[in-house]
Amino acid sequence: MPRWVVLVPILIVLGAAWLGWPRSRAVLYSLRRERGKAQTLARVAGYQRRESQHFTLWYTDADSAVVDLVLEMAERVYEPVTAAMGYEPADRVPLILYGSREELRQAFGWGGGQSAVGVYWRGTIALLSPEVWIAADSLEELRSAYCRLHPLAHELTHYLLDYLTAGNYPLWFSEGLAQRIEYQVTGYRWLEPQSTLRQPLYGYDDLYRRFDRLSNPALAYRQSYLMVDFLVEEFGAESLTRLVGHLGRGMDFARALQTETGLEPEAFYEEWWHWVQRHLDRLEAAS
């Protein structure tokens, strides 16, 4: 057995003992994220590349007509999203524009039933070309629709949260926060008949452990959005800011939430559920 195979686990244990687990976890996560980012960008090495002030966009010639539009929308949301998060990245944010759903699925190893118009993954933001998912008869019509529907504010929030906290957050919280900031910045909310609150709601354990595998994603996303809204409405916007700060310093989510609300996650969910029932008519009318 090579000597380095034996030494690596020993060095990891020693590093964790020296740095402390929260810091060593953050270091290991960041290394894994940057390796994944490098691997993703290596796979698009043959793409064209265009830079704006805060972004670098990789794309193919087939999508050259929408490059300016995508970068314009990205720059438009950059300042309000970074201001809301209280954080600006040191480097340009990498965007990758995929020209078909199949290319996007192949990039992430998805099956045929999975699809998205934007995905944050390990230091990069993948975007489906707006020409694929927006039906428009002209570039101006495409531009008008993309201005309203683009996912850039949402995915940029994921990117910033990941770098702020080194991945120290549950998925439901990341999705709830991204939806909240997206709505503040662009006015877009994902609402469908399947997201009505007049049905059995997912419990906290489902949202915490199985968020991305639940059978009704529209409901799961709406619950996560409203849980973040509840946090702000009941405990103040500053509690959300401080919560993210706690996560960035390595505090686990349950302790960070209890620090800001006095409630453990399950009790927080219970209070949220009663809040939803009290305000059900208002919440449903807003949809």
Side-chain angles (χ1 to χ4, degrees), residues 33 36-37 40-41 43-44 47 50 52 54-60 62-63 66-82 84-85 89 92-111 113-136 142-163 167 169 171-192 195 211-212 217-218 220-222 224-225 228:
R33 180 186 58 214
K37 174 182 173 181
T40 299
L41 294 180
R43 288 196 292 268
V44 296
Y47 281 35
R50 178 88 61 84
S52 64
H54 300 108
F55 297 88
T56 301
L57 176 64
W58 280 261
Y59 64 97
T60 64
D63 293 311
V66 296
V67 167
D68 289 340
L69 173 60
V70 172
L71 286 174
E72 179 188 346
M73 293 304 107
E75 290 293 346
R76 183 178 294 185
V77 303
Y78 181 86
E79 184 174 346
V81 173
T82 55
M85 292 296 292
R92 286 185 176 90
V93 178
L95 309 174
I96 304 172
L97 191 61
Y98 291 96
S100 71
R101 295 186 187 277
E102 183 58 31
E103 289 176 28
L104 185 61
R105 291 187 187 110
Q106 288 178 355
F108 291 95
W110 292 345
Q114 292 177 284
S115 184
V117 299
V119 182
Y120 168 73
W121 177 248
R122 291 190 178 178
T124 64
I125 295 174
L127 301 167
L128 184 63
S129 173
E131 293 185 299
V132 175
W133 58 276
I134 296 177
L142 181 73
R143 173 188 174 81
S144 177
Y146 197 62
C147 286
R148 300 191 312 272
L149 303 173
H150 69 78
L152 283 152
H154 186 105
E155 302 308 331
L156 180 58
T157 302
H158 285 314
Y159 178 96
L160 298 176
L161 179 65
D162 198 49
Y163 275 85
Y169 51 81
L171 183 54
W172 78 259
F173 177 74
S174 179
E175 292 297 350
L177 180 63
Q179 289 177 89
R180 176 179 172 81
I181 292 180
E182 179 179 32
Y183 180 61
Q184 290 175 329
V185 172
T186 71
Y188 175 80
R189 282 191 298 170
W190 181 26
L191 293 169
E192 295 184 8
S195 63
F211 186 89
D212 58 344
Y221 271 74
R222 189 168 187 208
S224 68
Y225 171 84
V228 175

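Just so it is clear, the structure is predicted and the values come from calculations on it, not from any experiment.
- Of all heavy-atom pairs between G118 and E155, the closest is O-OE2, 3.1 Å.
- Closest of all the heavy-atom pairs between P130 and L142 is O-CD1, 3.6 Å.
- Within the 3.5 Å criterion, the main-chain N or O of L191 finds no donor-acceptor partner in the side chain of S195.
- Side-chain atoms of F55 and E75, non-hydrogen and from C-beta on, do get closer than 4.5 Å to each other.
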### Task
Would you please test D63 and E131 for side-chain contact (heavy atoms from CB on, under 4.5 Å) and show each step?
CA-CA 8 Å; D63 293 311; E131 293 185 299; 3.9 Å; yes
### Task
Begin with the C-alpha distance, continue with both residues' side-chain angles, and end with the deciding distance and a verdict on side-chain contact (heavy atoms from CB on, under 4.5 Å) for V81 and L152.
CA-CA 10 Å; V81 173; L152 283 152; over 6 Å; no
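- In this structure F173 satisfies the ring-ring contact (aromatic ring centres under 6.0 Å, His included) test together with F253, sequence neighbours excluded.
- Here CG of L69 is found 9.5 Å from OG of S129. Values are rounded to the nearest 0.5 Å.
- Under the rule for a side-chain hydrogen bond (donor to acceptor under 3.5 Å, both in side chains), Y159 has no partner lying at least two apart in sequence or in another chain.
- Between A107 and R43 the shortest heavy-atom distance is O-NH2, 3.8 Å.
- Considering only residues two or more places apart in sequence or on other chains, R122 meets the side-chain hydrogen bond (donor to acceptor under 3.5 Å, both in side chains) condition with none of them.
- To the nearest 0.5 Å, atoms CD1 (I134) and CZ (R143) are separated by 12.0 Å.
- Atoms CG and CD1, from L156 and I181 in turn, are 9.0 Å apart once rounded to the nearest 0.5 Å.
- In this structure, W121 places its CH2 atom where only 12 or fewer heavy-atom neighbours from other residues, nucleotides or ligands lie under 6.0 Å away.
- Put simply, the residue from V70, T56, V67 that forms a side chain to side chain contact (heavy atoms under 4.5 Å, CB included) with R50 is V67.
- Atom CG of L177 sits about 5.0 Å away from atom CE of M85, to the nearest 0.5 Å.
- The line from CH2 of W133 to CZ of R101 is 9.0 Å long, rounded to the nearest 0.5 Å.
- Take R92 and apply the salt bridge (Lys or Arg N to Asp or Glu O under 4.0 Å) test, not counting sequence neighbours, and it matches E51.
- In this structure, the side chains of H54 and T82 stay at 4.5 Å or more apart for every pair of heavy atoms.
- A pairwise comparison of heavy atoms in Y120 and I125 identifies CD1-CG1, 4.1 Å as the closest pair.
- Taking 4.5 Å as the limit, some side-chain heavy atom of I96 sits within range of a side-chain heavy atom of L41.
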### Message
Before you tell me yes or no, could you show the steps for Q106 and E102 under side-chain contact (heavy atoms from CB on, under 4.5 Å), namely the whole-Å CA-CA distance, both residues' side-chain angles and the distance that decides it to 0.1 Å?
### Response
CA-CA 6 Å; Q106 288 178 355; E102 183 58 31; 3.2 Å; yes
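- Here the closest non-hydrogen pair linking G176 and V228 is C-CG2, 3.6 Å.
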### Task
Could you give me the CA-CA distance, side-chain angles and deciding distance for V44 and T60, then say whether side-chain contact (heavy atoms from CB on, under 4.5 Å) is met?
CA-CA 9 Å; V44 296; T60 64; over 6 Å; no
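- Applying the ring-ring contact (aromatic ring centres under 6.0 Å, His included) test to Y221 and every residue at least two apart in sequence or in another chain returns W190, F211.
- In this structure, M73 CE and D68 CG are separated by 10.5 Å, a value rounded to the nearest 0.5 Å.
- Side-chain contact between V119 and W110: present, with at least one pair of heavy atoms (C-beta onward) separated by less than 4.5 Å.
- No hydrogens or angles considered: a donor-acceptor pair under 3.5 Å links the side chains of Q179 and S224.
- Applying the side-chain hydrogen bond (donor to acceptor under 3.5 Å, both in side chains) test to Y146 and every residue at least two apart in sequence or in another chain returns nothing.
- No more than 12 heavy atoms of other residues, nucleotides or ligands lie within 6.0 Å of CD in E79, so this atom counts as exposed by the packing criterion.
- Proximity of E182 to T157: side-chain heavy atoms (C-beta onward) are nowhere separated by under 4.5 Å.
- Summarising the geometry of Y47 relative to L97, their closest heavy-atom pair is CE2-O, 3.8 Å, with the distance given to 0.1 Å.
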